[in-house]
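Counting begins at 1 with the first residue of the sequence.
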Amino acid sequence: MKNVLIIGGVAAGATAAARARRLDNDVNITLLEAGADVSFANCGLPYFLGRDIEYRSSLILASEETFHEQYRVKVHTHTEAIAIDREKKQVKALNTGTGEEFVFPYDSLILAQGGKPVVPPLPGVNKEHVFQLWTLADMDRIDHYISEKEPKKAVVVGGGFIGLEMVEALTKRGIAVTLVEMAPQVMPNLEGEFAGFITKELLDYGVKLKLGKSVEVIEDTKVILNDGSTIDTDFVLLSVGVRPTLQLAKDAGLDMGSSGGLKVNDQMCTSDPSIFAAGDMVEISHNVLGKNVRMPLAGPANRQGRIVGENALGGSRTYKGVSGTSVVKVFEAVAGSTGLSLKASRDAGIDADAVVVHKASHTAYFPGSEKVSLMLIFDKKSKKVLGAQVAGRVGVDKRIDVIATAIAGELTLEDLAELDLAYAPPFNSPNGPVNMAAFTAINHDSGFSPSVLAQDFEHFVMEMQPIAIDLRDPISYGKANLRGTNNLSQDMIRENLDKIPRENPIILISDDGQKGHVVLRMLKGAGFDRVFYVSGGYISLERHARAIGFQYLQVGKFPIVKKSVEDSKQTKAEEKADETETLDSDGPIILDVRTPMEFEMGAYPGAINVGLDSLQEWAEGIEDKDREIIIYCASGARSSYGMRILNQMGFTNVENGGGLHTMMARG
């Protein structure tokens, strides 16, 4: 019988195991997981800490018991693979709890070890108030520290996905946060003006920013930055990157890739035909850039796991690569990207260009409409879509997904302009942000309505010395403007065409770029040749100025709006009776560890509802540690975790009843 051995669980490994079993009911599948949990929602960890996710147990996707019950997969947690013998086709592993060594044979081996957070070698990095966030155990340590120590000030080091999500989570826990980022902007993968959107949101919520700086020393009550300045703090979170876990593969002599990950082919096979790999540890093809990259994201890892689960059984399914699609939420602001940025496109030697639009998420007259900002990047020669960056508060994710699909289909600007997308007033406009971005790009590329990006604006001004006209209303202009501009309305321009010098270039600044386009066409129709408008208007200029800044131009910034989050400590308490007083003296205790909402929808007769998060507190009231207890949940995952908790507390007669369906079958 064939043996499939998987090293690593969570996303890629757990998915591979499930897929392999669905394809072959007879193959032996064994999974080795170095940690305590084989499958959990690591992307949800910050949201539990911020109390957006109420129940810790919601993050537990599957347990070793679940894998055995549903898939007959043998899972060994706390088991670290320490050597691969490719000739004998076996793996030596160490049980980190007992110190015992084991040897596992394989016909096909799947490596899914993922990565680990980078821990910079800083003085003080091992202090008790310094944390990283990668596992449930990490989350528990942070949660416990916040609850016990009640820190007042925190420093988050790193302005990427996890760093920003933790800034929000800590703020929601009532902690004053300072974010330190070595790059000159948050979210370095975003273009400046889109990072500026996130920057403004952080400032509005009172987050202090230290950009273009790094931490040099961590002390008990402060951190010291590379410029000599200090920040008082009693909590530090490090989120400066992820390093692939490669030592096992390197020791086995497997080929490494050019980008620093494990090399695999399009079937996710390594340089050894019997060894496959997936997830954060591998490098994969970027389907726009055309070269191999590391892309440590959950979506690609899950899809790769599905493919290796099939190919390890003899399949030949290919992985078509990634576009790098991602999204992040910071308080109420959302930003994301797909494909290549403009900088990445040009760095790759592509003759690329871009436009920006700020278009309503749905018809402005329907309540809840918000502007969606969209930068569309395209190849000037082929007119194919290369990428997009999107920001806003409503409907951001679906625009990113549309562009990601367009990239996969190799659509051109004309194709994108004519996409027949769903419209009704609550959801979109007849021509929504995606269509409008394509129209704008076609107009710009054809010369019908040429525009200048905010990031190129200063160079344009210094080189062309244009007449700059701000078309916004005087109130908006008075709040923030570019110094040296003329504030004129469209009517004023129309009535004074003879007074505008025709030999000078003209650059038009409107609120979001739309009126700039309209006035440009008016001036073109009146015989003015060198007329341009700012793509994205003053919104884009201000955001770029906030995130990156201009060297010579003085761009006024919009005022900070003080916002606050609800005090998550005042969460709604669950109303529950003292179950220990109503327990029957005879027979087993039936525990339902689902949420109250799940319990109310139907439960096993006689069961009592004790949420997994409250189980330890409940169990402390049970004096008889030999009392028979049957514990169940929806699928068996949370109940197995609850069984572990009770066993650790000394209960000797605990049975995992599995899922509700299994319990009901008991009769």
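- Here the side chains of Val180 and Val156 are not in contact, with every heavy-atom distance at 4.5 Å or above.
- The distance from the NZ atom of Lys557 to the OG1 atom of Thr199 is 11.0 Å, given to the nearest 0.5 Å.
- Between Phe532 and Phe460, the distance separating the two ring centers is shorter than 6.0 angstrom.
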Tell me, with the steps shown, if Lys563 and Glu201 meet salt bridge (charged side-chain N to carboxylate O under 4.0 Å, His left out). CA-CA 9 Å; Lys563 300 179 181 178; Glu201 186 79 353; 3.3 Å; yes
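- The two residues Tyr205 and Thr171 come nearest to each other via the heavy atoms O-CG2, 4.4 Å.
- A distance-only check finds a donor-acceptor pair linking the side chain of Glu598 to the backbone of Thr595 [under 3.5 Å].
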Could you walk me through whether Gln185 and Ile548 pass the side-chain contact (heavy atoms from CB on, under 4.5 Å) test, one step at a time? CA-CA 7 Å; Gln185 65 178 66; Ile548 304 296; 3.0 Å; yes
Using the side chain to side chain donor-acceptor pair (under 3.5 Å) rule, take Arg543 and Ser373 through it: C-alpha gap first, then chi angles, then the decisive distance, then the call. CA-CA 11 Å; Arg543 289 178 181 174; Ser373 303; 2.8 Å; yes
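- No donor-acceptor contact under 3.5 angstrom links the side chains of Asn292 and Ser259, judged on distance only.
- The shortest heavy-atom contact between Pro46 and Leu133 is CG-CD2, 3.8 Å.
- Between the side chain of Thr363 and the main chain of Pro425, a donor-acceptor pair closer than 3.5 Å is present.
- With a 4.5 Å cut-off on side-chain heavy atoms, Ser337 and Ser326 count as touching.
- At a threshold of 4.0 Å, the pair Asp512-Arg472 does not count as salt-bridged, since none of the basic side-chain nitrogens sits closer than that to a carboxylate oxygen.
- His358 and Ser540 share a donor-acceptor pair across their side chains, judged by distance under 3.5 Å alone.
- Under the 3.5 Å distance criterion, the side-chain polar atoms of Trp134 are left unmatched by any main-chain donor or acceptor of Met139.
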Let me see the working for Asp37 and Ile60 under side-chain contact (heavy atoms from CB on, under 4.5 Å), right down to the final yes or no. CA-CA 8 Å; Asp37 302 285; Ile60 302 168; 5.5 Å; no
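- Surrounding CE of Met182 are at most 12 heavy atoms belonging to other residues, nucleotides or ligands under 6.0 Å away.
- Among all heavy-atom pairs drawn from Val240 and Val118, the shortest one is CG2-O, 3.4 Å.
- Looking at every heavy atom in both residues, Phe40 comes nearest to Thr135 through CZ-CA, 3.9 Å.
- Between Lys291 and His286 the shortest side-chain heavy-atom distance does not fall below 4.5 Å.
- Note that the CE atom of Met522 and the CG atom of Leu508 stand 8.5 Å from one another [nearest 0.5 Å].
- The nearest pair of heavy atoms linking Tyr538 to Ala480 is OH-C, 3.4 Å.
- With hydrogens and angles ignored, the 3.5 Å screen pairs no side-chain donor or acceptor of Asp456 with any backbone N or O of Val452.
- The local environment of CZ in Arg306 is sparse, with at most 12 non-hydrogen atoms from other residues, nucleotides or ligands closer than 6.0 Å.
- Atom CZ of Arg22 has more than 12 neighbouring heavy atoms from other residues, nucleotides or ligands inside a 6.0 Å radius.
- Side-chain atoms of Glu168 never come within 3.5 Å of backbone atoms of Leu170 as a donor-acceptor pair (strictly under, hydrogens ignored).
- Around the CZ atom of Arg243, the shell of radius 6.0 Å holds no more than 12 heavy atoms that belong to other residues, nucleotides or ligands.
- Remark: Leu374 CG to Ile403 CD1 distance equals 5.5 Å, nearest 0.5 Å.
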Can you list the steps and then say if Leu342 with Gln455 is a side-chain contact (heavy atoms from CB on, under 4.5 Å)? CA-CA 10 Å; Leu342 182 58; Gln455 61 186 267; 4.0 Å; yes
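- Ring pair His362/Tyr423: centre-to-centre distance not below 6.0 Å.
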For a salt bridge (charged side-chain N to carboxylate O under 4.0 Å, His left out) check, start with the C-alpha distance between Lys515 and Asp511, then their side-chain angles and the critical distance, and finish with the verdict. CA-CA 8 Å; Lys515 184 168 284 187; Asp511 177 48; over 6 Å; no
Assess the residue pair Ile407 and Thr325 against the criterion (side-chain contact (heavy atoms from CB on, under 4.5 Å)); give the C-alpha distance rounded to whole Å, side-chain angles, the decisive distance to 0.1 Å, and a yes or no. CA-CA 11 Å; Ile407 292 170; Thr325 306; over 6 Å; no
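- A cation-pi geometry, defined here as NZ or CZ lying under 6.0 Å from the six-membered ring centre and within 45° of its normal, does not hold between Arg303 and Tyr319.
- Of the options Asp351, Asp415, Asp353, Asp445, a salt bridge (charged side-chain N to carboxylate O under 4.0 Å, His left out) to Lys383 is made by Asp445 and by none of the others.
- Shown are Thr338, Thr405, Asn287; of these, the side chain to side chain donor-acceptor pair (under 3.5 Å) with Ser323 is made only by Asn287.
- Proximity of a side-chain donor or acceptor of Ser369 to a complementary backbone N or O of Phe366 within less than 3.5 Å is not detected.
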Can Arg393 and Glu332 be said to form a salt bridge (charged side-chain N to carboxylate O under 4.0 Å, His left out), step by step? CA-CA 6 Å; Arg393 303 180 189 280; Glu332 301 305 315; over 6 Å; no
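- Annotation: side chain of Leu203 is not in contact with side chain of Lys208 (no heavy-atom distance under 4.5 Å).
- Once rounded to the nearest 0.5 Å, the distance linking CD of Glu410 with OG1 of Thr412 reads 11.0 Å.
- Counting all heavy atoms, side chain and backbone alike, Val555 lies closest to Leu541 at CG1-O, 4.1 Å.
- A donor-acceptor pair under 3.5 Å is absent between the side-chain atoms of Asp379 and the main chain of Val385, judged by distance alone.
- Between the CD1 atom of Ile442 and the CG atom of Leu416 there is a distance of 8.5 Å, given to the nearest 0.5 Å.
- A donor-acceptor pair under 3.5 Å is absent between the side-chain atoms of Arg594 and the main chain of Leu612, judged by distance alone.
- Inspection of the Asn443 and Thr440 side chains reveals no N or O donor paired with an N or O acceptor under 3.5 Å.
- Between Phe457 and Phe550, the ring planes are perpendicular. Angles over 60° get that label, and only those under 30° would be called parallel.
- More than 12 heavy atoms of other residues, nucleotides or ligands sit less than 6.0 Å from atom CD of Gln70.
- Within the model, atoms CG of Leu453 and CD of Glu193 stand 7.0 Å from one another, a figure rounded to the nearest 0.5 Å.
- Of the possible donor and acceptor atoms, one in the side chain of Ser510 sits under 3.5 Å from a partner among the backbone N and O of Gly516.
- Between the side chain of Glu283 and the backbone N or O of Arg294 there is no donor-acceptor pair closer than 3.5 Å.
- Arg399 and Asn428 share a donor-acceptor pair across their side chains, judged by distance under 3.5 Å alone.
- When each of His444, Arg521, His517 is checked for a side chain to side chain donor-acceptor pair (under 3.5 Å) with Ser449, only His517 meets the rule.
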Should Asp143 and Arg173 be marked as a salt bridge (charged side-chain N to carboxylate O under 4.0 Å, His left out) after you check the CA-CA gap, both sets of side-chain angles, and the distance that decides it? CA-CA 10 Å; Asp143 195 42; Arg173 296 290 288 269; 3.0 Å; yes
